[in-house]
Amino acid sequence: MRLQRLLALALSLAVFLFLAWAPFPALAETKLPVVATFSILADFARQVGGDKVEVKELVGPNGDVHVYEPTPADAKNLGAAKLIVVNGLHLEGWMARLIAASGAKAPVVVATEGIIPRQGVIEGATGIDPHAWQSVANARIYIGNILAGLIAADPADADYFRARAKTYDTALDATEQEVRAAVAAIPPQRRKIITTHDAFGYFGAAYGFEFIAPVGFSTESEPSARDIARLIAQIRREHAPAVFLENISDPRLMQRIAKESGAKIGGELYSDSLSPPNGPAATYIDMMKHNIITLKKALAPNS
């Protein structure tokens, strides 16, 4: 019996020593916490960052970044971030105050750095159009700036980020070709678009459209009765074929303009934010494809 107890004790000791010296399971990889101001920027950061990042957006799907009101949770997320991504070009007027209130110390990537901004006259004053992502060529600049920011924040994963950015650039090139092919099917005289606010100027300049809107670069402004009457008269005079809704805006204004001008509702475009994951514009590439397909269906003959 004593021998059996000694053998049992020896076996237990051997098991203990084996477990003590065995390698511990690898700890879960810590992802780089990134905060982006709105859903389009968040998608760009996820496309480049992949599994190495955890991205949170302040303004979610179908949200309006122009009039967003930050929450205490936003300040908490900023405080924990290792990288912050903003659009710039005066889009997020509330962001500087939020960063100061949160005590955030993370570096800030201005995704539009290097883009020549479009300008226009709004209510008698010159303003900057912040909607630069509406051109695929500009989206490449966004990606380059975000890539540089991720590499600076996490140098160990630089090769991973570069590889993903290169793959995404190929996807953007294919998207650009699809957009231009669809534009070619729309006669030039029918490329006059009426939308809720002036969010598609970069798209128009890149792909040969003229966009007209009763509201300026920001949805904070409200059109006057005179502005609306002038737009309705222009639509009638120029026989604009369709007006388009926007996912971030109340549809009633455009419905009224369509009714009084005789133009049809051409569909809904995504301007300043993506759709929820189960929607038609869950990513930037999905958004660009959805918008051009919507325009083509409404404007191209026999579509």
Side-chain angles (χ1 to χ4, degrees), residues 36-44 57-68 86-93 111-112 115 117-120 122 127-139 142 175 179 182-183 191-223 231 240 242-255 257-258 265-277 279-299:
T37 48
F38 62 108
S39 57
I40 294 171
L41 293 187
D43 178 56
F44 286 153
E57 63 234 39
L58 302 181
V59 185
N62 289 332
D64 186 349
V65 66
H66 294 287
V67 296
Y68 183 69
V86 304
N87 185 78
L89 301 182
H90 308 300
L91 177 65
E92 308 101 331
T112 55
I115 288 174
R118 171 179 174 257
Q119 295 187 336
I122 304 297
I128 292 176
D129 184 351
H131 307 88
W133 60 84
Q134 289 292 348
S135 152
V136 175
N138 284 345
Y142 277 68
T175 302
V179 170
V183 170
R191 297 180 194 169
K192 185 162 287 188
I193 315 299
I194 293 85
T195 56
T196 307
H197 86 295
D198 193 1
F200 294 93
Y202 293 92
F203 186 101
Y207 307 115
F209 287 88
E210 179 184 356
F211 283 85
I212 305 166
V215 178
F217 294 145
S218 173
T219 56
E220 289 182 292
S221 58
E222 296 244 351
L231 178 59
V243 301
F244 293 84
L245 310 176
E246 289 180 38
N247 67 312
I248 65 166
S249 301
D250 188 325
R252 289 175 293 183
L253 172 61
M254 299 310 290
Q255 289 168 346
I257 290 172
I265 298 287
E268 183 179 63
L269 302 177
Y270 285 80
S271 56
D272 293 18
S273 72
L274 303 177
S275 71
T283 69
Y284 173 78
I285 286 178
D286 289 341
M287 179 190 79
M288 295 300 287
K289 290 181 178 181
H290 168 85
N291 284 351
I292 193 58
I293 288 171
T294 300
L295 292 170
K296 181 181 176 183
K297 284 181 178 179
L299 304 175

I'd like to check the ring pair (Phe, Tyr, Trp, His ring centres under 6.0 Å) partners of Phe38; sequence neighbours left out, ordered by chain and number.
Trp133

Distance-only polar pair, side chains of His66 and Asp64, donor-acceptor under 3.5 Å
no

Shortest non-hydrogen contact from His290 to Pro280?
ND1-CB, 3.7 Å

Taking the side chain as everything from C-beta on, heavy atoms only, tell me whether Leu269 gets closer than 4.5 Å to Leu295.
yes

Going by ring pair (Phe, Tyr, Trp, His ring centres under 6.0 Å), Phe209 matches just one of Phe203, Phe200, Tyr202, Phe244. Which one?
Phe203

How close do Pro117 and Leu89 get, heavy atom to heavy atom, and via which atoms?
CB-CD2, 4.0 Å

Please give me the minimum heavy-atom distance between Val183 and Arg191, naming the atom from each residue.
O-NH2, 3.2 Å

Under 3.5 Å, is there a donor on one side chain and an acceptor on the other for Ser273 and Asn247?
yes

Residues two or more places apart in sequence or in another chain: which of them pass salt bridge (charged side-chain N to carboxylate O under 4.0 Å, His left out) with Lys289?
Glu178

Between the main-chain N or O of Tyr270 and the side-chain N or O of Asn291, is there a donor-acceptor pair closer than 3.5 Å?
yes

Taking all non-hydrogen atoms of both residues, which atom of Thr294 and which atom of Gly266 are closest, and how far apart?
CG2-O, 3.6 Å

N/O donor-acceptor pair under 3.5 Å between Asp129 side chain and Arg118 backbone
no

Smallest heavy-atom separation, Gly60 atom then Glu57 atom, equals CA-OE2, 3.8 Å

Check whether Thr196 reaches the backbone of Leu245 with its side chain - one donor and one acceptor, N or O, closer than 3.5 Å.
no

Side chain of Ser39, backbone of Leu274: donor and acceptor closer than 3.5 Å?
yes

Got a donor-acceptor contact below 3.5 angstrom from the Glu246 side chain to the Thr195 backbone?
no

